[in-house]
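What follows is a set of notes on a single structure, which appears directly below.
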Amino acid sequence: MAVGRFHILRRLQRCFKILLIVLSVCSISFSLYTLYKLQKDLTVNNGVQLIYETSQMKSTSEPIATVPALDGFLNVYIWRKLCGNSVENLKKLPFFPQHPDEEKVTHVLHIEDNTQDYGQRIFGFIHPPRSDSYLFGIASDDSSELWLSPSQDPRDKQLIARVFDEQSIAWTKMDELDRYSDQVSKTAIKLERGKKYYIEVLHKQIEGAGFVQVFWRNSDDLNFNMISADHISSYTKAPAVARKEAIPTVLSKRFQNSLQIKSSNGTKHDYFKFYSLPFIPIEKFLPLCDYKTTRQKVKRFQGIKLVIDSHVFPGDDTTMGLDDGDIWTRPNLRMDKYLIEPVVDKIMSSIEGLNSE
């Protein structure tokens, strides 16, 4: 009888020890989970810590602001061999804004590139160091535009400043913010600390000293300061599809839109199939920019004025001269009608044969 009681007590003792071990393990696990949960609650994207007011930490521990992760860079897309003297030439490019020739990043809103005939798009987010009202300014050679969104959504962006002149090519010196009336934002823009705002710069360069700079100042600043890496972050780290790789897709979409418009006109004929002939890039038969010669610079199409022995049909009356009778160029020679008609008929017959069913 005593031996049986002894074994029972030993079993109870073992069960009690096991129970203590289980409770200890559970307690340690719960403590680790609580510590992990607290650390997680005290962090935001990419492990950036929330900022607390000392007094609130003692009471409710509610964060008064969050600081999104900063990588100190902005995205830069560049389109080369782009003619024109304004930002509009960049906007009208079929490959704008997603398919650049080159891409890189910048750590400050001051980019210098002294090559010629290019356009660039600089975009990402700014993070204001304090909640305040800010004025923005832009300087560039040649023209440029500064866009800012009241949120992190690019679709809400608004044009707030630009280097622009309706009468001539617009440009400024470095750090010059008073050459044009639109270089500085008209009103102060209220920004909140802890939030990020989408920013975008469009810049068109022709030739010479190419650069673009973006400045800001809050209500306490007497002077404008350049926006630095401490207050910017990139929009995306995904590489862009370069223009040369995007040519088939972009041109195909443009062609499909044109074809749908033509076919929706109600015609039952197949002649609109003519537009499906292979696309010939304009650079194959016309230069994109001014001709470059060893002696002098010849403007685009300037050579047309010097060609006086062309044969055209019908007559185009291309005589040019002054009121006093001095003639600069004589009219193009008129081609004989009976020589032109057989050639045209042959070309049209070939096209109709290719598009016939």
Side-chain angles (χ1 to χ4, degrees), residues 72-91 93 96-97 100-102 104-124 126 128-129 133-148 157-189 191 197 199-232 289-290 292 297 299:
F73 295 100
L74 293 178
N75 299 91
V76 183
Y77 287 177
I78 306 172
W79 289 263
R80 300 292 182 184
K81 297 181 181 179
L82 179 63
C83 289
N85 56 15
S86 72
V87 172
E88 290 301 318
N89 298 105
L90 174 61
K91 293 180 180 179
L93 191 66
F96 177 88
D101 294 314
E102 303 172 18
K104 61 180 182 179
V105 294
T106 179
H107 67 281
V108 64
L109 266 169
H110 178 160
I111 296 180
E112 294 184 50
D113 184 343
N114 296 329
T115 59
Q116 62 183 27
D117 295 322
Y118 68 85
Q120 60 182 340
R121 174 186 175 220
I122 308 155
F123 60 102
I126 57 171
S133 295
Y134 291 79
L135 286 173
F136 289 81
I138 186 168
S140 65
D141 186 345
D142 295 297
S143 60
S144 61
E145 292 181 353
L146 175 60
W147 296 75
L148 182 68
K157 66 181 180 182
Q158 301 172 4
L159 179 64
I160 61 171
R162 61 179 179 172
V163 174
F164 174 76
D165 190 334
E166 293 183 353
Q167 306 300 326
S168 61
I169 299 174
W171 64 276
T172 73
K173 298 177 182 178
M174 284 192 183
D175 305 322
E176 183 181 21
L177 292 176
D178 56 358
R179 186 180 180 90
Y180 302 101
S181 60
D182 294 335
Q183 280 186 254
V184 176
S185 54
K186 300 299 183 183
T187 58
I189 301 171
L191 304 179
Y197 300 85
I199 190 170
E200 182 173 315
V201 178
L202 303 181
H203 172 223
K204 179 66 185 71
Q205 164 68 353
I206 305 173
E207 61 182 0
F211 74 90
V212 62
Q213 300 171 300
V214 178
F215 304 85
W216 64 354
R217 75 176 188 190
N218 58 38
S219 58
D220 293 337
D221 291 332
L222 298 178
N223 300 310
F224 279 96
N225 300 301
M226 196 175 305
I227 301 178
S228 66
D230 296 332
H231 309 295
I232 60 177
C289 301
D290 294 341
K292 302 297 186 299
K297 187 173 182 180
K299 298 297 184 180

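Within the 4.5 Å cutoff, side-chain heavy atoms of E112 are placed close to those of M174. In this structure, the side chains of K81 and Y118 stay at 4.5 Å or more apart for every pair of heavy atoms. Between T106 and F73 there is no side-chain heavy-atom pair separated by less than 4.5 Å. Looking at heavy atoms from C-beta onward, V214 lies in side-chain contact with V201 at the 4.5 angstrom threshold. Using a 4.5 Å cut-off on side-chain heavy atoms (C-beta onward), W147 and L202 make contact.
A donor-acceptor pair is defined here as one N or O able to donate and one able to accept, closer than 3.5 Å; such a pair exists between the side chain of K204 and the backbone of L82. One N or O on the side chain of N114 and one on the backbone of G210 form a donor-acceptor pair closer than 3.5 Å. Under the 3.5 Å distance criterion, the side-chain polar atoms of D101 are matched with a main-chain donor or acceptor of R80. No donor-acceptor pair under 3.5 Å is formed between the side chain of S185 and the backbone N or O of A161. Of the possible donor and acceptor atoms, none in the side chain of D221 sits under 3.5 Å from a partner among the backbone N and O of N223. Side-chain atoms of H203 come within 3.5 Å of backbone atoms of D141 as a donor-acceptor pair (strictly under, hydrogens ignored).
Residues K91 and E145 are paired through a salt bridge, judged by an N-O separation under 4.0 Å between the basic side chain and the carboxylate. At a threshold of 4.0 Å, the pair K173-D178 does not count as salt-bridged, since none of the basic side-chain nitrogens sits closer than that to a carboxylate oxygen. Under the 4.0 Å criterion applied to side-chain N and carboxylate O atoms, D182 and R162 are assigned as salt-bridge partners.
With rounding to the nearest 0.5 Å, the separation of CD in Q205 from CG in D117 is 8.5 Å. Distance check, rounded to the nearest 0.5 Å: CG of N85 to CG of D165 gives 10.0 Å. In this structure, R217 CZ and I227 CD1 are separated by 13.5 Å, a value rounded to the nearest 0.5 Å. Between the OG atom of S86 and the CZ atom of F164 there is a distance of 7.5 Å, given to the nearest 0.5 Å. Note: I199 CD1 to L74 CG = 7.5 Å, rounded to the nearest 0.5 Å. To the nearest 0.5 angstrom, Q183 atom CD is 10.0 Å from F224 atom CZ.
Heavy atoms only, all atoms of each residue included: Q213 and D175 are closest at OE1-N, 2.7 Å. The two residues Q116 and I206 come nearest to each other via the heavy atoms CB-O, 2.8 Å.
A cation-pi arrangement is present between R179 and W171 under the rule of less than 6.0 angstrom and at most 45 degrees off the ring axis.
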When you look at I111 and I122, which way does the side-chain contact (heavy atoms from CB on, under 4.5 Å) test go after all the steps? CA-CA 9 Å; I111 296 180; I122 308 155; 3.5 Å; yes
Verdict with supporting geometry, Y197 and L191, side-chain contact (heavy atoms from CB on, under 4.5 Å): CA-CA 8 Å; Y197 300 85; L191 304 179; 3.8 Å; yes
Walk me through it: do N89 and V87 pass the test side-chain contact (heavy atoms from CB on, under 4.5 Å)? CA-CA 5 Å; N89 298 105; V87 172; over 6 Å; no
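Ring pair W79/Y77 is perpendicular by interplanar angle, where above 60° counts as perpendicular and below 30° as parallel.
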